[in-house]
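Below you'll find the structure, written out as structure tokens, and then a few comments.
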Protein chains: 2
Amino acid sequence: MHLVAQHPFAYYGALMALEHAILVSLAEKSATGYDLARRFDASIGYFWQASHQQIYKVLGRMERAGWVEFETVPQDGRPDKKVYVLTSAGRDELGAWTSKATPVEYLRSEFAVKLRALPFGNATAIVEDVRTRRRVHEERLAYYAESAARFYPDPDALRPDQMGAWLVLRGGMLAEETALAWCDEILQRLAPEETDR
Amino acid sequence: MHLVAQHPFAYYGALMALEHAILVSLAEKSATGYDLARRFDASIGYFWQASHQQIYKVLGRMERAGWVEFETVPQDGRPDKKVYVLTSAGRDELGAWTSKATPVEYLRSEFAVKLRALPFGNATAIVEDVRTRRRVHEERLAYYAESAARFYPDPDALRPDQMGAWLVLRGGMLAEETALAWCDEILQRLAPEETDR
DNA sequence: GATCTCATGTAATCAGTTACATGATTTC
DNA sequence: GAAATCATGTAACTGATTACATGAGATC
């Protein structure tokens, strides 16, 4: 199953965080740009996405800043790998970053804009859109719940190094539950006759 | 109180939506770029922000596309106003946009990245950050609840044209409640001794 | 024969931010 | 006298997207 985590609320505001996402990922395990791109397709990528193009660009910048180093690993039949490793300067930067408060990001939701367009637009299409979104959030929630059950069967007995990832997963589950609840509220107001599903 | 709505989850992905946010805003009421910027500081701005610079840029683009027109209103002692009005092409575009599904946006949370950095960073600072964020979400929730009580005292007797705005406000409240709940879960795991507040 | 995986990038474009610019009127 | 409000923008920059490029090996 190839799911990408999403949410009814878009925000942005805190830019420049890709560097730090990569630092975290490399702190967990050294990797090539290609590896990172795949990790950003899953795990970390549920809450932070990046294309391989962007990752290569940022890795170059980080290397020039001295946060990472790479070792070229020749391969046969395929292009050489560049395996990136955190430097101590990179580890320092991670420490400094976690010591500063993260600004609470701006909420941004295109869907919310669309809801406000209700009196001026195609109401039936909007209701249909809500139903579609509801299904997507349902799937995602199921996927997160499954991951949680598989990787963290006993949340009260987590190893300290698993705590962060668990809490992130919990955040994703809470967000999806909320998104679902919101869809239900909307449907109840806009299409009350069909209280199905 | 000058609050800007925010959320622990940043997303983005669906770009180019500022045009549609402006279309909705102008459909509600004709306005100058300056007016729009102020509206984006409040109401719609709780869920969609834009600077005046960006708004002027986009208004120019929309005017060239024929979605809006403006009338220059001279004033004394201040610069002339350009009052923008939706054209029928603009109204068509709004209709077309609401007829298409909005892609479910990507979740993006810098704070989630920071949680994953727990084993490699300053854990006490991260806990302090969570407490700060908790307070922010608490304030916002209170602010939304107050707005809801003032503008929509009886949610079961809404006029049809108020429905969209009400549902958006509800989304904001749900999001803030969830953000709060997440902060509490995090604090319970990372600083269980102080189950204060 | 087509598509997928591995592995690296460059180039063009775009939405949005930050900084800069102007100038009268009103409020503290 | 300083700051805020009204009202419009331009310029430089940046994070990120989309499109383009290459090339071998493995799977369908």
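To find a chain, count down the sequence lines: A is the first, B the second, and so on, and within it residues start at 1.
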Below 4.0 Å: OP1/OP2 of [N] and any side-chain N or O of [X]:
X     : N     : value
A/Y34 : C/dC6 : yes
B/R38 : D/dC6 : yes
B/Y56 : D/dG9 : no
B/T32 : D/dT8 : yes

In whole Å, I'd like the distance from the [atom1] atom of [X] to the [atom2] atom of [N].
X      : N      : atom1 : atom2 : result
A/D80  : D/dA24 : CG    : P     : 14 Å
A/D41  : C/dC6  : CG    : C1'   : 14 Å
A/I55  : D/dG15 : CD1   : P     : 15 Å
B/E105 : C/dA15 : CD    : P     : 16 Å
A/R61  : D/dG15 : CZ    : C1'   : 8 Å
B/L36  : D/dA7  : CG    : P     : 13 Å
B/Q53  : D/dG9  : CD    : P     : 12 Å
A/M62  : D/dG15 : CE    : P     : 13 Å

**Asked** Checking all strands, does A/K82 fall into the base, sugar-phosphate, or nothing category for heavy-atom contacts under 4.0 angstrom?
**Response**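 Touches sugar-phosphate only.
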**Message:** Categorize A/Q75 for me: base, sugar-phosphate, or nothing, with a 4.0 angstrom heavy-atom threshold over every strand shown.
**Reply:**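 Answer is sugar-phosphate: A/Q75 comes under 4.0 Å of backbone atoms only.
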**Item:** Pairs touching residues 70-81 of chain B that satisfy side-chain hydrogen bond (donor to acceptor under 3.5 Å, both in side chains), sequence neighbours left out
**Value:**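 Residue pairs passing side-chain hydrogen bond (donor to acceptor under 3.5 Å, both in side chains), neighbours aside: none found.
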**Request:** Could you note down all residue pairs passing side-chain hydrogen bond (donor to acceptor under 3.5 Å, both in side chains) where residues 23-37 of chain A supplies at least one of them, sequence neighbours left out?
**Result:**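 Passing the test, one end in residues 23-37 of chain A: A/S25-A/R39, A/E28-B/R116, A/T32-A/D35, A/D35-A/R38.
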Please output the side-chain donor-acceptor pairs of residues 156-174 of chain A that fall under 3.5 Å, not counting sequence neighbours, one pair per line with the distance.
unit_1	atom_1	unit_2	atom_2	d
A/D156	OD1	B/R189	NH1	3.3
A/R159	NE	A/D161	OD1	3.1
A/R159	NH2	A/D161	OD2	3.2
A/Q162	OE1	A/R159	N	3.2
A/R170	NE	B/E185	OE1	2.9
A/R170	NE	B/E185	OE2	3.2
A/R170	NH2	B/E185	OE2	2.6

**Request:** Assign each of B/H52 and B/V58 to its nearest nucleotide of DNA chain C by heavy atoms, then name whichever residue's nucleotide is nearer the 5' end.
**Result:**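 Result: B/V58.
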**Message:** Quick test of your reading of the model: are A/R133 and B/E105 salt-bridged, counting only N-O distances below 4.0 Å?
**Reply:**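 The answer is yes: the pair qualifies as a salt bridge.
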**Asked** What is the per-nucleotide protein-contact pattern of nucleotides 23-28 of chain C, from the 5' end, where B denotes a base atom under 4.0 Å from a protein heavy atom, S denotes such proximity for sugar-phosphate atoms only, and - denotes neither?
**Response** BSS---
**Asked** Is A/E138 close to A/E176 at the side-chain level, that is, under 4.5 Å between some pair of heavy atoms?
**Response**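 With C-beta onward as the side chain, the pair stays apart.
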**ring pair (Phe, Tyr, Trp, His ring centres under 6.0 Å) partners of residues 60-79 of chain B, not counting sequence neighbours, each pair once** =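 Pairs touching residues 60-79 of chain B that pass the test: B/F70-B/Y84.
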**Request:** Could you pull out all residues at least two apart from B/R150 that satisfy salt bridge (charged side-chain N to carboxylate O under 4.0 Å, His left out)?
**Result:**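 Counting only residues at least two positions away or on another chain, B/R150 forms a salt bridge (charged side-chain N to carboxylate O under 4.0 Å, His left out) with B/E146.
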